[in-house]
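Residue numbers count from 1 along this sequence. All ligand and atom numbering here is 1-based and tracks the order in the structure. Because the structure is predicted, anything quoted here is derived from the model rather than measured.
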Amino acid sequence: MTKRQSGPARTGRGVALLLCLAASAAAQSKPAPTQDQRMEWFRHDKFGMFIHWGPYSAFAGEYKGQKVPVGTEAEWIMQRFNIPVADYRETARGMKPVKFDAEAWVALAKATGMKYLVLTAKHHDGFAMYRSTVSKYNLLDWAKFDRDPVQELSAACQKAGIRFGVYYSHREDWDHPDGFGNNWDYDRTKKNFERYLDEKSKPQLRELLSRYGPIHLVWFDRGMDTPQHTQQFIDIVHELQPNCLINGRVGDYGADLMGDYQNMNDNGMPNGGLQEDWETPQTMNTTWGYSKFDQQWKTPGEVIHRMVEIVGKGGNYLLNIGPMADGTIPSPSVATLKAVGAWMQINGESIYGTVASPLTAQPWGRSTVKGNKVFLHVFSWPADGILRVQGLTNTVKAAYPLAAPSQKLALSREGGVPLVKLPAEPLDQNDTVIALELDGAPRAEPLIVVQGSDVGFDLDYLAAVTSGKAVKRFNRSGKFHIAKWTGPADSATWQLLVSQAGEYEVRIRYSARAESNGAGFVVNIGGQTVRGTVSGTGEGYEYKTIDLGRVRLPKTGPLTVKLQPAADTGHNLIFFQALELSPAGHRMVE
Ligand code: FHN
């Protein structure tokens, strides 16, 4: 017997609506997560899968006999050959990914040791890889393929414990008459960008964030024109999914970071030292979208070495696959990912939850750090079987290969440098990881900037020790700087070794916004004070070199240089690039 409900009948849709309302009420009653809380998983997980997949995959790098050159991006084929919208749409109509298997893709990511996955829900070509009610130009309505990859991947990720994210090209859209980028079909002067944002970009973002369960990351690309527009996209994400992260490319590349973390340029690798959260998107060959011509695949060793370098510098690695239009993942990339996964199975502890290492690159490899352990990644096996850990000042309590923890390795010290007696043979041809247990958090000898024969010093972010709020950052236009200093407690200090006494010219290289006009800073050079006044260089990142006068360095030997704001400003003083000390009359090369 069926029990009759009292009150209005609950249809399936009615129940869903009630659940939705209850969920949103619960979300509203909870305080919004702090940025640190939102970032927790990202800081731990380190390694993600990027997937570029769309109608460009069907072109596979070729249009009417014209080939996208290897080394360039096959997903840009529409733009490269100015393919008319009507033509491109015909190819998009033929997209039938019958071999697409969300669970297999997610299983591959998981077996590789990746912890998050980001799919191109819409790339610059404007085609949605999910059922969109905002635009019929999507895989289901346009190509009549009756499966929704965003839905299937989201479900498969949830099942496998992988965090799911979507890439959404919010500014660039070559299909929409008002979107950015297509000036071959559409007249640039007649475009109403605001209309594109309101009709397509923002509503599609809302769809993605309200239909597919938890979205852990929205990966925007190519920036946005104004901070106001950027903020509107950020607000949509925060309104619909308060825990969701937003990558750095959400905003204008020439303006301050508005996302949760910074992105390097494509395949970008910083020299190190960044004091912010960052991620680098990287390719497996030389393109993001599938190209049948590009066979320049990275080897498992190259992928592992890059991962270690990225993670050892404090970043995240978002490694791309470019499936074919039918859903097949190119076999060379599958083979590489499986080999990386085998290494991760044994050595994942040296990657997940680690932080940047204070040690610089070593002749034999690199290092990563977790708590009181440093993981030595041995890429090339020392001929004498002794690992010299340059710069590490801690007492080493124990050493063992991560692949064989019971095999304790003999320790000694030579001239203050810790030595580890390695096993007879590498345990892994690409990277044998040796764990060192230390007496505390890893500490490194301070970096000393040594003077070249007669060229003086270029004191940049890399060799600086920052304190207070001053931090080393990347600017998305490809440059590194120190920013966020607002008062005298925020500083950068360098240790130098002077080999030539005499008269030196002092210059500073920075970019500054108009708000800093007239603010002062102080450079202390071994007890001598040089003062400067900031003059704005423009709204973007226009680095200028400014003369600060001369100092006399009376003797050779160690010298400390310190830069700090002269007074509290309440905002970032400058985007500092370098202090130059050059023997009088000698200008440094920029
Ligand atoms: O233009 C895109 C490109 O096609 C690709 O999506 C990469 C991935 O980081 N992002 C843009 C270029 O920076």
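Listed by chain and number, the residues in a side-chain contact (heavy atoms from CB on, under 4.5 Å) with Ala255 are Asp252 (sequence neighbours excluded). Listed by chain and number, the residues in a side-chain contact (heavy atoms from CB on, under 4.5 Å) with Ser210 amount to none (sequence neighbours excluded).
Between the Lys370 side chain and the Tyr352 main chain, a donor and an acceptor come within less than 3.5 Å of each other.
A cation-pi geometry, defined here as NZ or CZ lying under 6.0 Å from the six-membered ring centre and within 45° of its normal, does not hold between Arg306 and Tyr317.
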Residues 335-346 side chain polar contacts: donor-acceptor under 3.5 Å, at least two apart:
{"residue": "Thr336", "atom": "OG1", "partner": "Lys298", "partner atom": "O", "Å": "3.3"}
{"residue": "Thr336", "atom": "OG1", "partner": "Pro332", "partner atom": "O", "Å": "3.1"}
{"residue": "Trp343", "atom": "NE1", "partner": "Asp431", "partner atom": "O", "Å": "2.9"}

N or O contacts of ligand 1 with protein under 3.5 Å, please list pair by pair.
{"residue": "ligand 1", "atom": "1 (O)", "partner": "Trp76", "partner atom": "NE1", "Å": "2.8"}
{"residue": "ligand 1", "atom": "1 (O)", "partner": "His124", "partner atom": "NE2", "Å": "2.7"}
{"residue": "ligand 1", "atom": "4 (O)", "partner": "Glu75", "partner atom": "OE2", "Å": "2.5"}
{"residue": "ligand 1", "atom": "4 (O)", "partner": "Trp76", "partner atom": "NE1", "Å": "3.0"}
{"residue": "ligand 1", "atom": "4 (O)", "partner": "His123", "partner atom": "NE2", "Å": "3.2"}
{"residue": "ligand 1", "atom": "6 (O)", "partner": "His52", "partner atom": "NE2", "Å": "2.6"}
{"residue": "ligand 1", "atom": "6 (O)", "partner": "His123", "partner atom": "NE2", "Å": "2.8"}
{"residue": "ligand 1", "atom": "6 (O)", "partner": "Tyr167", "partner atom": "OH", "Å": "3.4"}
{"residue": "ligand 1", "atom": "6 (O)", "partner": "Asp221", "partner atom": "OD2", "Å": "3.3"}
{"residue": "ligand 1", "atom": "9 (O)", "partner": "Arg249", "partner atom": "NH1", "Å": "3.1"}
{"residue": "ligand 1", "atom": "9 (O)", "partner": "Asp266", "partner atom": "OD1", "Å": "2.7"}
{"residue": "ligand 1", "atom": "10 (N)", "partner": "Asp221", "partner atom": "OD1", "Å": "3.4"}
{"residue": "ligand 1", "atom": "10 (N)", "partner": "Asp221", "partner atom": "OD2", "Å": "2.6"}
{"residue": "ligand 1", "atom": "10 (N)", "partner": "Arg249", "partner atom": "NH1", "Å": "3.3"}
{"residue": "ligand 1", "atom": "13 (O)", "partner": "Arg249", "partner atom": "NH1", "Å": "3.1"}
{"residue": "ligand 1", "atom": "13 (O)", "partner": "Asp266", "partner atom": "OD1", "Å": "3.4"}
{"residue": "ligand 1", "atom": "13 (O)", "partner": "Asp266", "partner atom": "OD2", "Å": "2.7"}

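Residue-environment remark: CD (Glu302) exceeds the threshold of 12 foreign heavy atoms within 6.0 Å.
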